[in-house]
Protein chains: 2
Amino acid sequence: MESRRTRQQDAIEAVLADAGRPMSVQEVFSAAAATVPGIGLSTVYRTIRKLAEQGEIAAVAVPGQPDRYELAHVAATHHHHFHCTACDRVFDIRGCVGGLDRLLPSGFELHGHELTLVGACDHCSGT
Amino acid sequence: MESRRTRQQDAIEAVLADAGRPMSVQEVFSAAAATVPGIGLSTVYRTIRKLAEQGEIAAVAVPGQPDRYELAHVAATHHHHFHCTACDRVFDIRGCVGGLDRLLPSGFELHGHELTLVGACDHCSGT
DNA sequence: ATAGTTATTGAGAATTGTTGTCATTGTGGT
DNA sequence: ACCACAATGACAACAATTCTCAATAACTAT
Ligand SMILES: [Zn+2]
Ligand SMILES: [Zn+2]
Ligand SMILES: [Zn+2]
Ligand SMILES: [Zn+2]
């Protein structure tokens, strides 16, 4: 029941750490393949799922698309996301909003929240 | 290029209208089958996709799960969602928060936003 | 360093969720 | 009632993810 650290796991975590934004499994796969040629897609799925179950990475959902993932120690610094509908990338944005309790219906328990701004990123906005 | 109204479409929209909360395709399928026995899953997918393209329904994403959908005329009354991680249902909640522009990085264009509170619903909370 | 134990990998099969195809059905116009 | 053709339902095709398992390689104990 011991655990063995591998080249593949290191590469996957390194990719997520360097990315600076939530990445899809395919993106992680492509990026990790640069470091570990021949890495299997199965391994990426398996590793990401394990990390997610252990709470070391968090999933970010975008309607109609596969989830993206980012390291939880990044998520630990409470933050939110911006989804550019032009290039389909998701960015981290700092800060939060207050007064969420005000929205909570009575009898409901609040454990957390997710906020995603939608629009065009600096690279895609017409300006 | 004309459009023909059918029993199936009526049932699907009725299900979404009566639900009062975002529903998955499977849920819509099951509920609609009560009204229109023998309705095809393809038809539900097709109809929901068409409604989404026409902007008559909006998709709600939950990490690790298929999207849910709800009528846009409901969404027109700007609102947000609550995801109960115990029963996995998503509820509509009224109201919004201000000061979102404050979070926007410079050069980014804001078109909209999604906010999802996460926790336990009144039925699932220990209280 | 060497060899043994077994957790982890990679390839592909299997599953699940969604879209495409097409003969048949049934709506809406006449 | 008849016709034209939009919409349906069954199933094939595709996409995303998980499962299976023989081969590999990380750690342990010599
Ligand atoms: Zn962009
Ligand atoms: Zn926040
Ligand atoms: Zn609940
Ligand atoms: Zn709002």
Side-chain angles (χ1 to χ4, degrees), chain A residues 1-16 19 22-70 83 88-90, chain B residues 1-16 19 22-70 83 88-90:
Chain A
M1 202 59 79
E2 99 205 62
S3 164
R4 294 178 190 178
R5 186 120 287 267
T6 68
R7 206 162 0 65
Q8 289 85 340
Q9 291 167 16
D10 290 343
I12 290 167
E13 291 184 31
V15 165
L16 289 170
M23 298 184 83
S24 70
V25 171
Q26 283 296 338
E27 285 174 323
V28 172
F29 173 61
S30 302
T35 308
V36 184
I39 188 174
L41 182 55
S42 306
T43 300
V44 178
Y45 271 109
R46 211 180 309 143
T47 303
I48 286 182
R49 183 151 44 93
K50 190 193 61 185
L51 291 173
E53 283 166 359
Q54 297 177 346
E56 291 175 35
I57 61 177
V60 180
V62 175
Q65 299 181 25
D67 289 348
R68 325 291 173 91
Y69 299 88
E70 69 182 346
H83 175 213
D88 241 6
R89 283 182 297 182
V90 173
Chain B
M1 201 62 79
E2 101 208 57
S3 164
R4 294 178 189 179
R5 187 118 290 264
T6 68
R7 208 162 358 55
Q8 289 84 341
Q9 291 168 14
D10 290 342
I12 290 168
E13 291 184 31
V15 165
L16 289 169
M23 297 184 83
S24 70
V25 171
Q26 283 295 337
E27 285 174 323
V28 172
F29 174 61
S30 302
T35 308
V36 184
I39 188 173
L41 183 54
S42 305
T43 300
V44 177
Y45 270 108
R46 216 179 346 212
T47 303
I48 285 181
R49 181 150 44 93
K50 191 194 62 186
L51 291 173
E53 282 166 0
Q54 296 177 347
E56 292 175 34
I57 61 177
V60 180
V62 174
Q65 300 180 24
D67 289 347
R68 325 291 174 89
Y69 298 88
E70 70 180 346
H83 175 214
D88 242 5
R89 283 182 296 182
V90 172

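This structure is a prediction, so every number in the text was calculated from the model and none was measured. Naming convention: chains lettered A, B, ... in sequence-line order (proteins, then strands); numbering from 1 in each chain.
In this structure, B/Asp10 places its CG atom 19 Å from P of D/dA6, rounding to the nearest Å. Atom CD in B/Gln54 sits roughly 14 Å away from atom C1' in D/dA7 (whole-Å rounding). In this entry the distance linking CD of A/Glu27 with P of D/dT17 reads 12 Å, nearest Å. One can place CZ of A/Phe29 at 13 Å from P of D/dA16, the figure rounded to the nearest angstrom. Rounded to an integer number of Å, the gap from CG of A/Asp67 to C1' of D/dA15 is 15 Å. Taking atom CZ on A/Arg68 and atom P on D/dA16, their separation rounds to 12 Å, with Å as the unit. In this entry the distance linking CZ of B/Arg49 with P of D/dA15 reads 14 Å, nearest Å. Rounded to a whole Å, the CD1 atom of B/Ile12 is 12 Å from the P atom of D/dA7.
A distance of 7.5 Å separates CD1 of A/Ile39 from OG1 of A/Thr6, quoted to the nearest 0.5 Å.
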Where along nucleotides 8-15 of chain C does protein come under 4.0 Å, by heavy atom, of base (B) or sugar-phosphate alone (S), with - for untouched nucleotides?
SBBBB---
Working for side chain to side chain contact (heavy atoms under 4.5 Å, CB included), residues A/Gln9 and A/Lys50
CA-CA 11 Å; A/Gln9 291 167 16; A/Lys50 190 193 61 185; 3.9 Å; yes
If you apply the rule side chain to side chain contact (heavy atoms under 4.5 Å, CB included), what do you find for B/Val15 with B/Met23, and how did you get there?
CA-CA 9 Å; B/Val15 165; B/Met23 297 184 83; 3.8 Å; yes
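One N or O on the side chain of B/Glu27 and one on the backbone of B/Ser24 form a donor-acceptor pair closer than 3.5 Å. Checking side-chain atoms of A/Ser30 against main-chain N and O of A/Gln26 turns up a donor-acceptor pair under 3.5 Å.
Taking only side-chain nitrogens and oxygens, B/Tyr45 comes nearer than 4.0 Å to OP1 or OP2 of C/dT18.
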When the side chains of residues 58-69 of chain A are checked against the rest of the protein, which donor-acceptor pairs come out under 3.5 Å, sequence neighbours left out?
from    : atom 1 : to      : atom 2 : distance (Å)
A/Gln65 : OE1    : A/Arg68 : NH2    : 2.3
A/Gln65 : NE2    : A/Asp88 : OD1    : 2.9
A/Gln65 : NE2    : A/Asp88 : OD2    : 2.8
A/Asp67 : OD2    : B/Gly64 : N      : 2.6
A/Arg68 : NH1    : A/Asp88 : O      : 3.3
A/Arg68 : NH2    : A/Asp88 : O      : 3.4

